[in-house]
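In what follows, a single structure is set out as structure tokens and then discussed.
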Protein chains: 2
Amino acid sequence: MKNITIKDIALKAGVAPSTVSAVLNGKTRESRISEQLASRVRGIAADMGYQPNQTAVALRTGKTRVLGLIVEDISNVFFASLAKIIEEEADSIGYKVLYCSTENNEEKARERIRMLSQRQVDGFLITPTPGMRAEIDRLASQHKPLVLMDRYFPGLSVPHVVVDNYDGTQMAMQHLLEKRYRRIAFVTILLDQVQMHQRRQAYEDSLRVAGIPVEENLVLQLPYHCKPEESVQQIREFISENQGLDAIFFATNYVGVYGLEAIKDLGLSIPGQLAVICFDDHDIFRLYSPAITIVKQPVALIAQTAMQLLIRQFEKGAGTPRSSGSFQVLQPAQLVIRAST
Amino acid sequence: MKNITIKDIALKAGVAPSTVSAVLNGKTRESRISEQLASRVRGIAADMGYQPNQTAVALRTGKTRVLGLIVEDISNVFFASLAKIIEEEADSIGYKVLYCSTENNEEKARERIRMLSQRQVDGFLITPTPGMRAEIDRLASQHKPLVLMDRYFPGLSVPHVVVDNYDGTQMAMQHLLEKRYRRIAFVTILLDQVQMHQRRQAYEDSLRVAGIPVEENLVLQLPYHCKPEESVQQIREFISENQGLDAIFFATNYVGVYGLEAIKDLGLSIPGQLAVICFDDHDIFRLYSPAITIVKQPVALIAQTAMQLLIRQFEKGAGTPRSSGSFQVLQPAQLVIRAST
DNA sequence: CTGAAAGCGCTTACAG
DNA sequence: CTGAAAGCGCTTACAG
């Protein structure tokens with residue numbers, strides 16, 4: 001069953017393909033096509049079940065109406081939620097989205113950008129890995145519509161939307177300190193990314209300001225590709241070795257999940273014996289324990305803002321030079337206190 | 001910065017575009033192009049940073065190397081996990097994937113299929129809603145490569161991969177009955193889909209076989225678009241009104257999440273006062289409570305099998321008529337007993 | 001061994 | 001008011 005083309009319609013209607021095109025694109029005014037002819041053509045198109053071939057349109061117009069979404073791991077709640085909102089926003093302006101996961105694999109990440117470029121996506125939405133810096137810089141210099149999410153490259157003038165990680169962490173530390181917690185551990189993942197550095201920095205700064213010495217051994221860094229069981233094991237040992245811990249700050253929900261398992265294994269009550277705060281991408285801890293305080297990332301807001309920044313770039317068009325400043329949008333993280341931590 | 005085309009390379013190399021195309025596509029043998037010329041052309045292409053325009057390739061060859069993935073909700077762990085595996089499998093054969101969520105909205109679902117068709121996707125991977133039946137049937141009759149996942153249409157001969165819901169539910173019920181649980185509730189979501197019917201059916205049949213009367217009031221059906229708080233509230237009331245409940249079987253993790261919250265609210269211990277079994281798409285209950293038994297869906301296996309079925313259709317090509325039978329693949333669900341429920 | 005030509009399905013000036 | 005022509009960037013017979 002061959003696809004119906006504009007030519008088939010033209011043939012049946014006894015007009016030229018260009019006339020059909022004009023009618024179907026609502027250019028009857030510009031082309032001064034009679035309403036009578038137009039509605040006849042429309043009728044025929046509908047009868048034949050015409051579906052425009054978007055590949056042809058894309059080739060001709062240079063617009064694919066496809067967005068490229070590159071995240072760390074689409075199966076992770078945070079990124080999946082981002083993807084959902086982005087899909088909705090994209091849909092509302094007639095765009096579809098192609099997704100890719102990088103797994104924080106630099107090689108893969110670069111290859112993904114290349115592939116999406118070849119697929120001629122009209123714009124990129126990326127949660128970049130450190131190794132993508134050069135690639136991102138190149139895209140930006142080519143004026144490819146592009147927005148970074150969740151992370152960014154200090155020094156690169158590329159539109160991005162991130163939460164204020166420093167501020168969020170500080171808020172949480174403040175909260176713990178006010179409640180008189182003193183021996184606060186920091187469990188994180190070994191990842192060379194701005195937001196991780198900022199969280200760590202805020203943790204240390206908060207302690208210093210409160211006059212509490214920063215103890216190296218109160219910080220645990222798990223390797224990135226650490227297996228679940230091993231992560232749990234390491235955190236368990238970490239807690240056992242540091243008797244007298246008041247509280248633990250988990251820098252990401254990746255480690256938070258394992259941390260909670262470790263705490264459960266050790267039979268410690270939250271917040272009775274150990275207060276827990278976690279930088280939470282989403283609301284996955286809702287059920288685990290109501291006594292866990294959350295530094296919550298506004299996923300929907302991040303995605304929506306990112307889409308707005310992207311659309312703004314579309315509107316500018318390739319012609320207009322981009323404003324020199326980067327459209328930095330900092331959205332403070334929100335502290336959600338579920339119980340008297 | 002204009003994109004480099006095959007023409008630019010041809011110009012620089014002093015050959016015809018078709019020669020460049022042949023070289024870049026490794027058709028040097030068929031076209032009997034000298035290795036010398038070939039490597040010179042390849043060198044120039046590399047120097048110029050040539051990136052083939054896939055839109056043009058797609059239009060010319062009729063293959064976009066894009067797959068359309070339609071799920072209920074990409075932000076749900078189950079579908080996000082499916083998406084992840086599908087991405088990996090697709091990537092391994094040079095495909096990208098366009099995703100869409102239906103939200104179980106029939107209108108939207110149909111529109112999604114239309115859009116993806118217009119985008120000329122080479123194949124579809126769909127977790128269908130009941131209302132997509134006609135659309136799916138049409139796609140299949142057009143020999144569009146297509147695989148349904150997680151659900152299917154009895155009577156439609158369309159390749160699909162689903163877990164054996166009846167069997168899985170039965171296994172779980174068997175487990176409860178052996179442990180001498182007698183008043184077992186069934187909490188589900190109001191959804192007109194085969195897999196839901198099968199789970200319900202298995203629940204009732206299991207009771208009957210065990211000589212236990214099926215009580216209407218031990219079954220709770222929540223509306224599909226029920227708000228979180230309201231769902232929790234309803235389940236809470238349901239439990240309170242049915243004193244003497246032994247166990248609850250949650251037919252999906254959608255309701256399971258709310259159910260656990262309700263149980264927590266009521267201060268009931270698991271499995272002490274109430275045994276809990278849940279049909280779990282993924283492993284999201286791992287931390288909630290180790291005492292929850294899970295009927296686990298093999299997400300990775302579903303996705304991989306689906307991709308295999310799709311590839312098989314690609315290989316057949318449009319020419320060969322499809323084998324009349326549907327490639328039904330039933331993969332039994334797995335019972336994961338975490339504690340002595 | 002290599003190149004000229006046609007064509008995938010559209011849209012966009014442009015000519016009448 | 002409407003149509004013929006060119007062209008988006010490729011690939012694929014086909015001619016030499």
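Letters A, B, ... are given to chains in the order of the sequence lines, protein chains preceding strands, and every chain is numbered from 1. Computed over heavy atoms, backbone and side chain alike; hydrogens, waters and symmetry mates excluded.
In this structure, D:dA4 makes no Watson-Crick or G-U wobble pair, since no nucleotide meets both defining distances under 3.5 angstrom.
For C:dC10, the OP1/OP2 oxygens have a side-chain nitrogen or oxygen of A:Tyr50 closer than 4.0 Å. Remark: B:Asn3 is not in phosphate contact with D:dG9, judged by side-chain N or O atoms under 4.0 Å from OP1 or OP2. Residue B:Lys27 places at least one side-chain N or O under 4.0 Å from the OP1 or OP2 atom of D:dT12. Taking only side-chain nitrogens and oxygens, B:Ser21 comes nearer than 4.0 Å to OP1 or OP2 of D:dT11.
Rounded to a whole Å, the CG atom of B:Asp8 is 13 Å from the C1' atom of D:dC8. When the P atom of C:dG3 is taken as reference, atom NZ of B:Lys7 falls 16 Å away, rounded to whole Å.
Checking C:dC10, D:dC1, C:dC8 against every side-chain atom of A:Ala56, the shortest atom distance belongs to C:dC10. When distances run from any side-chain atom of A:Thr61 to the nucleotides C:dG9, D:dC10, C:dT11, the shortest one goes to C:dT11.
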Between the protein and nucleotides 4-7 of chain D, list every N/O to N/O distance that falls short of 3.5 Å.
from, atom 1, to, atom 2, distance (Å)
D:dA4, N6, A:Ser18, OG, 2.8
D:dG7, N2, A:Arg60, NH1, 3.1

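Nearest approach of B:Val23 to B:Ala38, heavy atoms of both residues: CG1-O, 3.5 Å. For the pair A:Asp122 and A:Arg65, the tightest heavy-atom approach, listed with the atom from each and the gap, is OD2-N, 2.7 Å. The two residues A:Ile74 and A:Ala80 come nearest to each other via the heavy atoms O-CB, 3.5 Å. When all heavy atoms are compared, the tightest approach of A:Val162 to A:Asp150 is CG1-C, 3.4 Å.
With C1' as the reference atom, C:dA4 and D:dC10 are 15 Å apart, rounded to whole Å. Rounded to the nearest Å, the gap between the P atom of C:dC1 and that of D:dA13 is 22 Å.
The pair B:Arg133-B:Glu106 does not count as a salt bridge, with every side-chain nitrogen at least 4.0 angstrom from each carboxylate oxygen.
Judged by distance alone, the side chains of A:Arg138 and A:Gln142 do bring a donor and an acceptor atom under 3.5 Å apart. Side chains of A:Ser101 and A:Asp73: no donor on one and acceptor on the other come within 3.5 Å.
Between A:Ser34 and B:Gln51, the residue anchored nearer the 5' end of DNA chain D, judged by the nucleotide with its closest heavy atom, is A:Ser34.
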